[in-house]
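So the structure is just underneath, and the comments pick up after that.
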Amino acid sequence: MEYWSILLSLVIGYFGIEYLFRKFNVFKRHGVIHKPPLMIFEAIRRTIFPKLSFADSIVETYNLYPDAKYFGFYGITIPFLLIRDPEIIKSVLVKDFDSFPNRRGFGDLNNPLLGKNLFSLHGEKWRNVRTLLSPSFTSSKMKMMFTLMSECAADFAKFLSALPADESEIDTKDAFSKFTNDVIATCAFGIKIDSMKDPTNKFYVNGKEAANFLSGSRAWKFILLRSFPTLGRLLNVKIIDDNVTSFFKDVIGNTIATRDAEHITRPDMLQLMMDIRGKDACRELDIDDMVAQAFVFFFGGFDTSSTAMCFAAHEIAVNPEVQARLQQEIDKVLEESNGEVSYEAINHMEYLDAVISETLRMYPPVIFVERTCEKTYELPPALPNEKPFTVKKGMVFWMPVFAIHRDKKYYDDPDKFSPERFLNNKSYNNSSCYLPFGLGPRMCIANRFALLEVKVLLFHLLARCELKPSAQTTFPMQFGKGLAMKPKSGFWLSVQPRKNIYITR
């Protein structure tokens with residue numbers, strides 16, 4: 001028995017070493033410029049105990065070969081192609097989408113919240129769900145949700161403007177997460193919550209628990225599931241705890257049951273999923289599918305939107321001339337609308353739009369966009385006088401959004417916050433050099449919702465309050481180590497009531 005165990009171990013070890021050698025030799029074999037691989041344990045160590053923030057490390061890698069259209073690099077167990085050339089990026093994301101329709105997703109197939117949502121779905125299933133959910137985010141639906149958002153934002157701004165002077169220094173990530181929690185609760189689930197006054201409500205507590213998977217031990221689980229998905233499934237590793245999954249499943253189930261029993265119809269994503277029941281077997285979703293879609297909408301609105309608000313507030317606070325100009329625009333709209341801002345008015349605010357666009361350039365919601373090659377694909381030479389590279393199915397492509405947004409080739413003085421670059425300049429829209437929500441058929445489905453949510457929050461907040469740096473504000477900006485993009489000392493600002501405000505209600 002011992003003899004056979006030793007022999008089996010040797011065979012497994014031999015094929016394992018051969019597999020890794022072939023996998024980590026792919027770029028050298030094909031003559032593709034690449035960053036040499038690290039030993040697997042060193043790669044794991046650097047991932048778990050990084051020297052730089054993830055965003056800064058991507059920029060460092062991006063700048064290794066500034067003249068290359070693309071180059072290879074290695075993750076812990078996976079070879080990647082990092083695409084630097086805007087034309088190739090547009091081909092991958094738009095023109096040749098059929099060759100790159102999927103991303104790897106969250107990697108957590110043990111949890112239906114992450115494994116079955118739109119972000120992680122592949123192929124025809126993704127296409128059917130995307131088609132089903134797209135009507136949730138039309139202009140007409142956004143207009144309906146605008147009133148609900150405005151009510152939440154007005155209550156939120158009133159609360160902050162009334163804070164005592166000794167409580168004016170706040171963690172904006174905590175505060176804005178409560179706001180986005182309340183917006184999602186009312187717009188998607190029909191539940192009225194005020195998380196600033198009641199921070200222990202279950203919706204907020206479980207939402208915060210679910211969204212906080214890029215820090216602490218959960219970051220390690222995320223890395224494990226992305227790098228060793230088979231092992232993660234065998235060990236039943238989960239990023240999100242079962243009690244959080246149960247909470248969201250119960251909320252969705254109860255909401256569906258209530259709407260069915262009381263014949264309630266609302267103009268939201270959940271209603272679209274309910275309405276397809278019994279009409280189209282190919283597109284009909286079971287309860288786990290519905291919960292997964294509702295959750296990813298909640299997660300995107302809760303975390304990425306609140307982070308965008310935090311960075312916008314930070315830049316507004318440390319650039320007082322930007323704040324003054326923005327408040328002038330806000331006051332003008334309030335004066336013209338007699339204190340009742342409309343959906344149309346807020347979407348025609350050019351400077352507010354420019355401030356948010358510049359925030360998303362400097363601090364995009366996702367640091368990179370990922371696609372997996374699904375069929376053989378030929379790339380042009382990475383450098384002059386080199387050969388084209390034929391990519392085989394399974395190769396993972398990274399489009400380094402954060403690094404491209406900070407590239408001097410595409411943006412003058414890219415590390416300076418300058419909303420003026422977006423005024424009267426529509427060339428960035430649908431550009432492969434400006435990718436805050438991705439590009440092509442798989443770009444963020446809820447980008448309109450996210451933009452409106454940020455606009456409404458900043459409008460009401462700056463109508464009543466002044467934002468100023470505090471003693472804990474990270475300035476100049478430095479990112480903390482780890483996967484999540486956040487300031488070294490956190491999101492801290494001083495929020496004070498404005499001396500002169502134009503508010504009629």
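Please read these numbers as outputs of a predicted model, since none were measured by experiment.
Looking at Asn117, its side chain does come within 3.5 Å of a backbone N or O of Phe119 through a donor-acceptor pair. Not one N or O on the side chain of Arg448 forms a donor-acceptor pair closer than 3.5 Å with the backbone of Met142. No side-chain donor-acceptor contact under 3.5 Å links Glu466 to the backbone of Pro497. Panel note: side chain Arg498, backbone Ser161; no donor-acceptor pair is recorded below 3.5 Å. With Gln327 contributing its side chain and Cys465 its backbone, the two residues share a donor-acceptor pair below 3.5 Å. Between the Glu329 side chain and the Tyr351 main chain, a donor and an acceptor come within less than 3.5 Å of each other. Put simply, the side chain of His348 gets close to the backbone of Glu344: a donor and an acceptor are under 3.5 Å apart. Side-chain atoms of Asn447 come within 3.5 Å of backbone atoms of Cys444 as a donor-acceptor pair (strictly under, hydrogens ignored). Between the side chain of Thr473 and the backbone N or O of Phe475, no donor-acceptor pair lies under 3.5 Å. A donor-acceptor contact shorter than 3.5 Å links the side chain of Gln293 to the backbone of Leu118.
A pairwise comparison of heavy atoms in Gln271 and Ile264 identifies OE1-O, 3.7 Å as the closest pair. Residues Asn102 and Leu121 share a closest heavy-atom pair of OD1-O, 4.3 Å. Of all the heavy atoms in Pro469 and Val318, the pair that sits closest is CG-CG1, 4.0 Å. Shortest non-hydrogen contact noted between Leu334 and Ala463 is CD1-CB, 4.0 Å. Taking every heavy atom of both residues into account, Leu435 and Leu439 meet most closely at CD2-CB, 3.7 Å. Listed here is the closest heavy atom pair of Arg442 and Ser120: NH2-C, 4.2 Å.
In this structure, CD on Glu453 lies 10.5 Å from CG on Leu458, to the nearest 0.5 angstrom. How far CG of Asn181 is from CD1 of Ile184: 8.5 Å, rounded to the nearest 0.5 Å. We find the CE-CD1 distance between Met399 and Ile367 to be 15.0 Å, quoted to the nearest 0.5 Å. Taking CZ from Arg259 and CE from Met274, the interatomic distance works out to 6.0 Å, rounded to the nearest 0.5 Å. The distance from atom CG of Asp353 to atom CG of Asn347, rounded to the nearest 0.5 Å, is 8.0 Å. With values rounded to the nearest 0.5 angstrom, Leu467 atom CG is found 6.5 Å from Ile316 atom CD1.
Residues Asp286 and Lys116 are in side-chain contact: their nearest non-hydrogen atoms beyond the backbone lie under 4.5 Å apart. Lys178 is listed as a side-chain neighbour of Pro199, based on a closest heavy-atom distance under 4.5 Å. The shortest distance between side-chain heavy atoms of Glu167 and Val495 does not fall below 4.5 Å. The shortest side-chain heavy-atom distance between Glu374 and Asp98 does not fall under the 4.5 Å cut-off. Between Asn128 and Glu124, some side-chain heavy-atom pair lies under the 4.5 Å cut-off. Ile191 is listed as a side-chain neighbour of Val251, based on a closest heavy-atom distance under 4.5 Å. Taking the side chain as every heavy atom from C-beta outward, Lys481 and Ser53 never approach each other to under 4.5 Å. Contact of the Leu163 side chain with the Ser168 side chain is not registered, since no non-hydrogen atoms from C-beta on lie closer than 4.5 Å.
Phe479 pairs in a ring-ring contact (aromatic ring centres under 6.0 Å, His included) with only one of the listed residues (Phe402, Phe54, Phe491), which is Phe402.
The aromatic rings of Tyr204 and Phe302 lie tilted to each other, with the angle between the two planes from 30° to 60°. Using the six-membered ring where Trp is involved, His405 and Tyr434 have ring planes that are parallel, under 30° apart on the 30 and 60° scheme. Between Phe295 and Phe248, the two ring planes are perpendicular [angle over 60°; tilted spans 30° to 60°].
Between Asp182 and Lys192, no side-chain nitrogen of the basic residue sits less than 4.0 Å from a carboxylate oxygen of the acidic one, so the salt-bridge criterion is not met. A salt bridge links Lys249 and Asp288; the closest N-O separation between the charged side-chain nitrogens and carboxylate oxygens is under 4.0 Å. Looking at Asp303 and Lys208, no side-chain N of the basic residue comes within less than 4.0 Å of a carboxylate O on the acidic one, giving no salt bridge. The pair Asp289-Lys125 meets the salt-bridge criterion, since a charged nitrogen lies less than 4.0 angstrom from a carboxylate oxygen.
The distance between the ring centers of Tyr74 and Phe80 does not fall below 6.0 angstrom. Taking the ring centroids of Trp126 and Phe97, they lie under the 6.0 Å cut-off.
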- Message: Is there a side chain to side chain contact (heavy atoms under 4.5 Å, CB included) between Phe422 and Leu360? Walk through the geometry before answering.
- Response: CA-CA 11 Å; Phe422 283 90; Leu360 296 175; over 6 Å; no

- Task: Applying side chain to side chain contact (heavy atoms under 4.5 Å, CB included), run through Phe368 and Leu82 and close with a yes or a no.
- Result: CA-CA 10 Å; Phe368 65 91; Leu82 189 138; over 6 Å; no

- Message: side chain to side chain contact (heavy atoms under 4.5 Å, CB included), that's the test. Do Met477 and Lys488 meet it? Break it down for me.
- Response: CA-CA 8 Å; Met477 178 61 70; Lys488 200 170 185 178; over 6 Å; no

- Query: Which is it for Arg406 and Asp56 under the salt bridge (charged side-chain N to carboxylate O under 4.0 Å, His left out) test, yes or no, and what are the steps along the way?
  - Reply: CA-CA 11 Å; Arg406 297 296 185 104; Asp56 289 329; over 6 Å; no

- Check against ring-ring contact (aromatic ring centres under 6.0 Å, His included), Phe297 and Phe137: CA-CA 11 Å; Phe297 178 43; Phe137 304 103; 5.4 Å; yes

- Test side chain to side chain contact (heavy atoms under 4.5 Å, CB included) applied to Ile287 and Ile252, step by step: CA-CA 8 Å; Ile287 186 63; Ile252 300 298; 4.2 Å; yes

- Message: I'd like to know whether Asn319 forms a side chain to side chain donor-acceptor pair (under 3.5 Å) with Gln323, so could you lay out the CA-CA distance, the side-chain angles of the two residues, the decisive distance to 0.1 Å, and finally the verdict.
- Response: CA-CA 7 Å; Asn319 292 282; Gln323 182 163 196; over 6 Å; no

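Side chains of Thr200 and Asp198: a donor-acceptor N/O pair is present below 3.5 angstrom, by distance only. Under 3.5 Å, the side chains of Thr307 and Lys173 contain a donor-acceptor pair of N or O atoms. No side-chain donor-acceptor contact under 3.5 Å links Glu169 and Ser494. No side-chain donor from either of Ser305 and Thr180 sits under 3.5 Å from a side-chain acceptor of the other.
Atom NZ of Lys143 sits in a sparse spot, with 12 or fewer heavy atoms from other residues, nucleotides or ligands closer than 6.0 Å. Heavy-atom neighbours of Glu60 CD from other residues, nucleotides or ligands within 6.0 Å: at or below the threshold of 12.
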